[in-house]
Structures are given as structure tokens and as C-alpha cells.
Trainee: 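Take a look at the following structure, please.
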Amino acid sequence: MNQDLVRELDIIRQSRALEGEERSALSYQRALSIIKAYPDKIRSLKQVEKLPFIGVKISGLAEEFLDSGEIAESQTIKTSERFQTLSLFSSVYGIGPNTARRLYNLGLRSLDDLKVYYGVEREEIDVLPGEVVEIEGKPPRQEHGKPLAREPHEHEEGLSDSWIRIALGLREDFTKKWVSAKHQHRRGKPESNDVDIVFTHPDAEKVKGLCKRFVRKLHQRGMVTHVMHLSGFHGHNPLRTTHWDSLEKALTVFILPQSSPFYRGTRRRLDLIFAPPQVYWTAVIGWSGSIMFQRDLRQWAKDKLGMKFDSSGITRRYDSKEIHPKTEKEVFDLFGLEWVDPTWRNADA
DNA sequence: TGGCAT
DNA sequence: CGTAT
DNA sequence: GCCA
């Protein structure tokens with residue numbers, strides 16, 4: 001409805017994030033989420049000024065957009081070498097805003113510059129314990145400066161009858177009950193290049209170590225070409241409070257074997273998440289909604305319920321007691337929120 | 001002025 | 001600091 | 001950058 005304005009604001013949001021102005025970026029994110037959810041075409045400044053999370057600065061930008069059809073600052077940002085270069089660098093796995101700026105300040109401008117800087121041609125990485133695999137370049141989120149293929153997915157409603165279930169060799173009956181997948185698709189974004197799959201098993205013991213074994217199997221079959229992160233692969237620092245490693249996870253690049261009837265040579269990012277059964281639904285929710293949805297849900301849990309929510313569980317803050325919901329709806333009920341379909345958890349640009 | 005998810 | 005949602 |  002107001003997607004052009006949203007896109008303009010998102011450019012500024014991206015720029016703020018790349019420049020390390022996190023809080024400003026968050027404000028743009030919120031504002032554009034609100035505008036995105038606004039049900040009518042915005043034609044006047046009055047409409048915008050009534051909206052929450054839109055203050056003096058952003059309503060001014062909206063006014064400019066209404067007058068001219070664009071925002072000068074967005075245009076300037078978009079065409080600037082700095083923005084384009086920082087975006088490019090940040091698109092490489094492992095390079096965030098800070099590293100991107102550092103590399104830029106060193107005078108680097110292209111992926112070729114990065115290859116020289118990192119000596120990537122000779123790089124080898126440990127993919128699995130005891131194995132060494134040659135890679136071409138960095139584990140690519142991009143190739144040749146362009147995003148990996150973004151054509152629509154090959155199907156489908158759920159994982160249970162999908163090409164990827166078959167490709168991964170998952171049993172259909174089990175999958176229906178214990179595997180939840182393709183949340184981008186679940187959210188109604190079939191054009192996404194990501195596939196996320198959350199696994200569990202009624203027996204918590206059987207989940208332990210499954211991530212590594214499963215990835216090893218896919219790698220042996222040539223279906224996983226890169227493993228960017230494997231829980232337990234990086235040394236775990238117990239001083240770190242982050243829950244990043246509390247679920248078993250593998251962040252990989254996936255390609256179908258040529259023998260597959262679905263083979264198209266498309267490489268995708270495939271994220272595999274293995275959750276013990278008691279936190280399966282929090283994992284599903286944590287991997288389903290947009291970033292803004294997650295932040296809002298977590299803030300709500302904290303402010304209204306005094307609880308801590310993330311993909312690895314829900315705990316009461318005062319005694320750290322864990323809560324183990326048995327369905328997605330139980331989580332919403334607990335939080336006093338109306339259950340909404342995943343397609344409505346899509347607040348990002 | 002402090003908070004902004006984990 | 002980087003990554004995932 | 002916006003809000004309480």
C-alpha cells in the first residue's frame with residue numbers, strides 16, 4: 001500500500017545500521033513497520049502524524065516523500081560509494097557494520113579487495129571435526145556481488161509434502177508432527193532464499209548431538225557445501241550470557257544433488273535448528289516472526305509479564321522458572337495475546 | 001533522561 | 001562483534 | 001529517533 005515510502009525509509013534505516021547508529025535504525029524500523037501496516041494509501045501529512053512511533057524527523061521525511069515522491073537523503077545514501085560498499089561488505093558472512101567500516105577506512109572497495117586482504121584463495125576452513133574442506137572465496141551469501149538466487153520456491157504448503165523433506169530424507173509421518181520448516185514461507189514470503197527448519201523429538205535425549213550428525217550426513221552427500229556455524233563448532237565461552245548456542249544450530253549453504261528431480265543448481269541458505277521437545281514451540285516462534293515481531297514479543301513478555309522470552313525458552317525473571325508450552329497458541333495465551341497467523345508476524349520492510 | 005530483544 | 005529471528 |  002505504502003511500499004514506496006517504506007522502501008525509502010528502509011534505505012535510511014540500513015544506512016544508520018551500517019554507520020553504527022543502532023538506536024536511530026531501530027526508530028526507522030519501528031516507523032516503517034507502522035507505515036507498512038497502515039491499511040490505506042497515505043495521501044496527507046495528517047495521516048502520518050497521527051501514527052505512533054513517527055515523530056518530527058520522520059514525519060518531515062514523509063512530507064517530503066508526499067511532495068516529491070522521494071526522499072533526498074535516501075537518494076544520496078543509495079548512490080553513495082560508502083553506502084554501497086558497506087552494504088556489500090556486510091553481506092559477507094562474518095562481516096558486520098563495524099568490520100565493514102574498518103575495511104572501508106582501510107581503503108578497500110570491492111569483493112576482490114577483500115579476497116586480497118583476507119588471502120581467501122588459499123583459505124581452508126574446518127567444516128566438521130577432523131575434516132578440512134576447500135572453499136572458493138568466503139562462505140558466500142553472495143556470488144559475484146549478487147544475491148543468491150531469489151526465484152520463488154518450488155512448491156508448497158508445509159514441509160511434510162515438500163521437496164526439501166524428500167531431499168533431506170525425512171520420514172513423512174515424523175515430519176508432520178515434529179518438524180517445522182520454511183518459516184519464511186510460513187510467513188508468506190516464498191521468494192526468500194532462506195530455508196529454516198526446526199527439529200525436535202519426543203525423547204529429548206535423541207536430540208542431543210543430532211545437529212552435528214545430520215549436517216555431517218548432508219555434507220557427505222554433497223548437499224551441504226558450506227557450514228558457517230555449527231553449535232559446538234566454535235568454542236563456547238561460559239562467561240558469555242548469550243543464548244546463541246543454547247539450541248543446536250547449523251547455518252549452512254545447501255544445494256540439491258544433481259540426481260534430484262528438483263535439481264536446479266540453486267544454492268540456498270539452510271538453517272537447521274534442533275530443539276529439545278520442551279522448547280520446541282518457543283523455537284518455532286523464535287524462528288518464525290520478523291525481527292520487529294520478535295523484539296515486540298520479547299519486550300511485551302518482559303514489561304507486561306516479567307518474563308524472558310527467546311527461541312530457547314520462556315522463563316520467569318524473578319526465579320528463572322522455565323515454562324514449557326505445548327503449542328504455539330499456548331505461548332500467545334500465556335502472554336495474553338491473540339494468536340495470529342505467521343503471515344501476520346511480518347513487520348519488516 | 002533511560003530504554004530500546006535476546 | 002557477528003548472527004539468527 | 002521516539003517514547004514514557
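Letters go in sequence order (proteins before strands), and every chain restarts at 1.
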Trainee: Grab the CH2-P distance between Trp287(A) and dT3(C) for me, whole Å please.
Mentor: 13 Å
Trainee: Expressed as a whole number of Å, how far does the C1' atom of dT3(C) sit from that of dA5(B)?
Mentor: 14 Å
Trainee: Between atom CG in Leu230(A) and atom C1' in dT3(C), what is the gap in whole Å?
Mentor: 15 Å
Trainee: Could you tell me the separation between the CE atom of Met292(A) and the C1' atom of dG1(D), rounded to a whole number of Å?
Mentor: 13 Å
Trainee: DNA chain B in dot-bracket, Watson-Crick or G-U pairs under 3.5 Å, [ ] crossing, | other strand?
Mentor: ||||||
Trainee: Looking only at side-chain N and O atoms, does Lys249(A) come under 4.0 Å of OP1 or OP2 in dT5(C)?
Mentor: no
Trainee: Could you tell me whether Arg269(A) sits above the aromatic face of Phe254(A), with NZ or CZ closer than 6.0 angstrom to the six-membered ring centre and within 45 degrees of the axis?
Mentor: no
Trainee: Taking any heavy-atom pair under 4.0 Å as a contact, classify Phe309(A): base, sugar-phosphate, or nothing.
Mentor: sugar-phosphate
Trainee: Nearest to the side chain of Lys57(A) - dA4(C), dT5(C), dC2(D)?
Mentor: dC2(D)
Trainee: Do Asp4(A) and Arg7(A) meet the salt-bridge criterion of a basic N to acidic O distance under 4.0 Å?
Mentor: yes
Trainee: When Ile, Leu, Val, Met, Phe, Trp and Tyr are grouped by side-chain heavy atoms lying under 4.5 Å apart, directly or through other members, which residues fall in the same group as Val56(A)?
Mentor: none
Trainee: What nucleotide among dT5(C), dG1(D), dC2(D) has an atom nearest to a side-chain atom of Phe53(A)?
Mentor: dC2(D)
Trainee: Apply the hydrophobic cluster definition, ILVMFWY joined by side-chain contacts under 4.5 Å directly or through others, and give me every member besides Leu45(A).
Mentor: none
Trainee: Are Arg317(A) and dA5(B) close enough that a side-chain N or O sits under 4.0 Å from OP1 or OP2?
Mentor: no
Trainee: Which whole-number value in Å describes the distance from Ile71(A) CD1 to dG1(D) P?
Mentor: 13 Å
Trainee: Quick one: side chain to side chain donor-acceptor pair (under 3.5 Å) partners of Glu8(A), sequence neighbours excluded?
Mentor: Gln75(A), Lys78(A)
Trainee: Between P on dA4(D) and CG on Asp303(A), what's the gap in Å once rounded to a whole number?
Mentor: 12 Å
Trainee: Considering every strand and a 4.0 Å limit on heavy-atom distances, what is the contact class for Gln294(A): base, sugar-phosphate, or nothing?
Mentor: base
Trainee: Expressed as a whole number of angstroms, how long is the span from Leu251(A):CG to dT3(C):C1'?
Mentor: 7 Å
Trainee: Measuring only between side-chain heavy atoms, which start at C-beta, is Ile71(A) closer than 4.5 Å to Ile12(A)?
Mentor: yes
Trainee: Does OP1 or OP2 of dG3(B) have a side-chain N or O of Lys302(A) closer than 4.0 Å?
Mentor: no
Trainee: Just grab all the salt bridge (Lys or Arg N to Asp or Glu O under 4.0 Å) pairs involving residues 82-102 of chain A, residues at least two apart or on different chains.
Mentor: Glu19(A)-Arg82(A)
Trainee: Is Arg298(A) near enough to dA5(B) that one of its side-chain N or O atoms lies under 4.0 angstrom from OP1 or OP2?
Mentor: no
Trainee: Which residues, if any, of residues 4-27 of chain A bring a heavy atom under 4.0 Å of DNA chain B?
Mentor: Arg23(A), Leu26(A)
Trainee: Give one of base, sugar-phosphate or nothing for Ile54(A), where a contact means two heavy atoms less than 4.0 Å apart.
Mentor: sugar-phosphate
Trainee: Please check the phosphate of dA4(C) (OP1 and OP2 only) for any side-chain N or O of Arg269(A) closer than 4.0 Å.
Mentor: yes
Trainee: Quick check: do Arg345(A) and Ser288(A) have side-chain heavy atoms less than 4.5 Å from each other?
Mentor: yes
Trainee: So what does Ile58(A) touch, heavy atoms closer than 4.0 Å: a base, only the sugar-phosphate, or nothing?
Mentor: sugar-phosphate
Trainee: Rounded to the nearest angstrom, tell me the gap between atom CD1 in Ile95(A) and atom P in dC1(C).
Mentor: 15 Å
Trainee: Show your reasoning for whether salt bridge (Lys or Arg N to Asp or Glu O under 4.0 Å) applies to Glu49(A) and Lys46(A).
Mentor: CA-CA 5 Å; Glu49(A) 286 174 329; Lys46(A) 277 197 145 175; over 6 Å; no
Trainee: Can you check the Asp296(A) CG to dC2(D) P distance for me, whole Å?
Mentor: 17 Å
Trainee: Does the ring center of Phe199(A) lie less than 6.0 Å from the ring center of Tyr280(A)?
Mentor: no
